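Worksheet for the structure shown next.
FYI, side chains are in, hydrogens and waters are out, and symmetry mates aren't considered; it's all heavy atoms of this structure. Predicted model only: the values in this text are computed from it and were never measured.
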Amino acid sequence: DTRVIFFYNYIMRIISIINNELIVQKQKLETELERILNLTEISTEERLKTSIELINKLSMVNTSFATWESYQSKDKEKEK
C-alpha cells in the first residue's frame, strides 16, 4: 500500500532530522567551548563560568543522543 510506504518514509525522515539536529547541537557546543577556552580577552572567572555552562549543555545533548539511540534500538527490536 502506498500510504504505508509514504508513512514509513515520513517517519524515517523525522528520525533523520532528529539525529542530525542532535549532532549539529553537539558540534555547535563543542565549537563554542573550544572558542571560549582559547579566548584571551575574557577573565579566567568568566571563561570558567561559560565553559561549565557549555559542558553542562553538552552533557545534556549527549544524554539526549544516548536516550534517542536507545529508543531507536528498542523500536527496532519490536519490529523483529
Side-chain angles (χ1 to χ4, degrees):
D1 193 327
T2 58
R3 288 178 292 179
V4 172
I5 293 170
F6 175 79
F7 183 72
Y8 176 79
N9 287 336
Y10 176 74
I11 295 299
M12 293 309 293
R13 276 185 268 158
I14 290 174
I15 289 170
S16 179
I17 290 168
I18 292 170
N19 284 335
N20 290 338
E21 183 62 29
L22 289 170
I23 290 167
V24 167
Q25 284 180 13
K26 181 179 178 183
Q27 289 173 338
K28 284 181 179 179
L29 288 167
E30 289 171 339
T31 300
E32 182 63 10
L33 178 58
E34 186 174 333
R35 186 185 75 78
I36 292 297
L37 290 173
N38 291 321
L39 268 181
T40 56
E41 297 83 22
I42 61 174
S43 70
T44 302
E45 187 64 34
E46 185 62 29
R47 187 178 303 147
L48 287 171
K49 179 183 172 218
T50 306
S51 294
I52 290 170
E53 288 171 0
L54 288 167
I55 290 167
N56 287 336
K57 289 178 183 178
L58 189 55
S59 177
M60 190 169 23
V61 170
N62 285 335
T63 301
S64 296
F65 198 77
T67 301
W68 178 241
E69 286 181 328
S70 173
Y71 170 78
Q72 290 180 77
S73 294
K74 288 178 186 176
D75 201 40
K76 286 178 184 176
E77 287 296 318
K78 287 180 186 176
E79 290 177 3
K80 290 182 179 179

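- Put simply, CG on Asn38 and CG on Leu33 are 9.5 Å apart, with the number rounded to the nearest 0.5 Å.
- To the nearest 0.5 Å, atoms CD1 (Ile23) and CG (Asn20) are separated by 5.5 Å.
- Side chain of Ser64 to main chain of Met60: a donor-acceptor pair is present (N/O by atom type, distance under 3.5 Å, no hydrogens or angles).
- Separating the OG1 atom in Thr50 from the CD1 atom in Ile42 is a distance of 5.5 Å, to the nearest 0.5 Å.
- In this structure, CD1 on Ile11 lies 10.0 Å from CZ on Phe6, to the nearest 0.5 angstrom.
- Linking ILVMFWY residues whenever their side-chain heavy atoms come closer than 4.5 Å, directly or via other members, places Ile55 and Leu37 in the same cluster.
- Here the shortest heavy-atom pairing between Ser51 and Ile36 reads OG-CG2, 3.7 Å.
- For the side chain to side chain contact (heavy atoms under 4.5 Å, CB included) with Leu58, the lone residue among Asn62, Asn56, Leu54 that qualifies is Asn62.
- Listed for the Ser70 side chain is no donor-acceptor partner under 3.5 Å among the backbone atoms of Ala66.
- In terms of heavy-atom proximity, Arg47 sits nearest to Thr40 at NH2-CA, 3.6 Å.
- Nearest heavy-atom pair across Leu22 and Phe65 is CB-CD1, 3.5 Å.
- With hydrogens and angles ignored, the 3.5 Å screen pairs no side-chain donor or acceptor of Ser16 with any backbone N or O of Met12.
- In this structure, OH on Tyr71 lies 7.0 Å from CD1 on Ile15, to the nearest 0.5 angstrom.
- To the nearest 0.5 Å, atoms CD (Gln72) and CD1 (Ile18) are separated by 8.0 Å.
- Clustering ILVMFWY residues whenever any of their side-chain heavy atoms sit less than 4.5 angstrom apart, transitively, puts Val24 in a cluster other than the one holding Ile17.
- The 12-atom threshold is not exceeded at CD of Glu34, counting heavy atoms of other residues, nucleotides or ligands nearer than 6.0 Å.
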